[in-house]
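First up is the structure itself, then whatever we jot down about it.
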Amino acid sequence: LTAQAVTVISDEASCTAAGGNYTPGGADPDCGIFGYTVAVGDTLEIGMEVIFTGGFTINGVLNERPGGHISVFEPLSNTGTINLNDEVRILGSSVANSGTINSGTININNGGFLYLVRRVTFTNDGTININSGGKLGNVFSLTNNNLINLDCGGSYLGGGAFSGNPIVNL
């Protein structure tokens, strides 16, 4: 499936409209989506628990609203822009944030948490901005080939292997 212009996933109807499988869970319902692409020029906004399997590609913009939680169990490829305002867990086998000529940006905003867990080898060829109140957690492996900016009040939670360019403290 491919996102069209602005797609919002925040409830059962929008989950189903986006091709997802809605699972009611009381206070924590979720939307499971297999294979999803956000095209160049399009925006996907997440306002609930969404679980991506079968690949998740962002060539446009992904906006995670507060209260939105994203889990990716298969590779995530980003050449667009990701704006995180809540928790994102990457649990697949590989992640590539590959950007060319200033593309591929992840903004981890206040309350946002990009958590790299379980067999994740994360390669950053773009830019990651850890803004005040944002967190980047690395449990397994992170290779930084370009730029990770750590703003005052942002956090890098290591523990996993880290290689490449050092994190820049702003």
(request) Supply the atom-to-atom distance S132 OG to N110 CG, rounded to the nearest 0.5 angstrom. (result) 6.0 Å
(request) State, with a plain yes or no, whether a side-chain heavy atom of F113 is found less than 4.5 Å away from one of L157. (result) yes
(message) Please check: side-chain N/O of N78 versus main-chain N/O of G104, any donor-acceptor pairing under 3.5 Å?
(response) no
(message) Nearest 0.5 Å, please: how far is OG1 in T57 from CG in L76?
(response) 7.5 Å
(request) Determine whether V50 and I33 make a side-chain contact, defined as any pair of heavy atoms from C-beta on separated by less than 4.5 Å. (result) yes
(request) To the nearest 0.5 angstrom, please state how far the CZ atom of F34 sits from the CD1 atom of I51. (result) 14.5 Å
(request) Measure the CZ-OG1 distance between F73 and T53 for me, rounded to the nearest 0.5 Å. (result) 9.0 Å
(message) Nearest 0.5 Å, please: how far is CG in L150 from CG in N169?
(response) 5.0 Å
(message) Nearest 0.5 angstrom please: N21 CG to E12 CD, how far?
(response) 10.0 Å
(request) Please examine the side chains of V38 and N59, heavy atoms only from C-beta on, and report whether any two atoms are closer than 4.5 Å. (result) no
(request) For residues F56 and L44, determine if any side-chain heavy atom of one lies less than 4.5 Å from a side-chain heavy atom of the other. (result) yes
(message) If you apply the rule side chain to side chain contact (heavy atoms under 4.5 Å, CB included), what do you find for I130 with D151, and how did you get there?
(response) CA-CA 6 Å; I130 309 169; D151 197 6; over 6 Å; no
(request) Considering non-hydrogen atoms only, spot the tightest contact between M48 and P29 and give its length. (result) CE-O, 3.9 Å
(request) Spell out, as yes or no, whether a donor-acceptor pair under 3.5 Å connects the side chain of T16 to the backbone of A13. (result) no
(request) Would you indicate whether the side-chain heavy atoms of I90 and F140 approach each other to under 4.5 Å? (result) no
(message) So S71 and E87, do their side chains get closer than 4.5 Å, heavy atoms only?
(response) no
(request) May I ask you to decide if A5's main-chain N or O and D42's side chain share a donor-acceptor pair within less than 3.5 Å? (result) yes
(request) Could you tell me which non-hydrogen atom of E64 sits nearest to which non-hydrogen atom of N85, and how far apart they are? (result) O-ND2, 2.7 Å
(request) Would you kindly confirm whether I46 and V61 end up in one hydrophobic cluster when ILVMFWY residues are joined by side chain heavy atoms under 4.5 Å apart? (result) no
(request) Decide whether T143 and S163 meet the rule of one side-chain donor and one side-chain acceptor closer than 3.5 Å. (result) yes
(request) Check step by step if side chain to side chain contact (heavy atoms under 4.5 Å, CB included) holds for V168 and I148. (result) CA-CA 6 Å; V168 176; I148 298 177; over 6 Å; no
(message) Can you give me the closest heavy-atom contact between L147 and N124, atom names plus distance?
(response) O-ND2, 3.2 Å
(message) Taking the side chain as everything from C-beta on, heavy atoms only, tell me whether N129 gets closer than 4.5 Å to T105.
(response) yes
(request) For the pair N144 (side chain) and T123 (backbone), establish whether a donor and an acceptor sit closer than 3.5 Å, ignoring hydrogens and angles. (result) no
(message) Determine whether a donor-acceptor pair (N or O, by modelled atom type, separation under 3.5 Å) exists between the side chain of N138 and the backbone of S141.
(response) yes
(message) Exactly one of I128, N83, N63 should register a side chain to side chain contact (heavy atoms under 4.5 Å, CB included) with N107. Which one does?
(response) N83
(message) Minimum heavy-atom separation for L136 and I108, please, with both atom names.
(response) CB-CD1, 4.0 Å
(message) Minimum heavy-atom separation for I9 and C31, please, with both atom names.
(response) CG2-SG, 4.1 Å
(request) Could I get the full list of ring pair (Phe, Tyr, Trp, His ring centres under 6.0 Å) partners for Y156, not counting sequence neighbours? (result) F162
(request) Identify the heavy atoms of S10 and R65 that sit nearest to each other, and give their distance. (result) CB-NH1, 4.4 Å
(message) Test your reading of the model: is there a side-chain donor-acceptor pair from N109 to the backbone of G112, 3.5 Å cut-off?
(response) no
(message) Contact between I70 and D86 at the side-chain level, heavy atoms closer than 4.5 Å - yes or no?
(response) no
(request) Please assess L84 against I106 for the test side chain to side chain contact (heavy atoms under 4.5 Å, CB included), listing each intermediate value before the final yes or no. (result) CA-CA 8 Å; L84 306 180; I106 299 175; 4.2 Å; yes
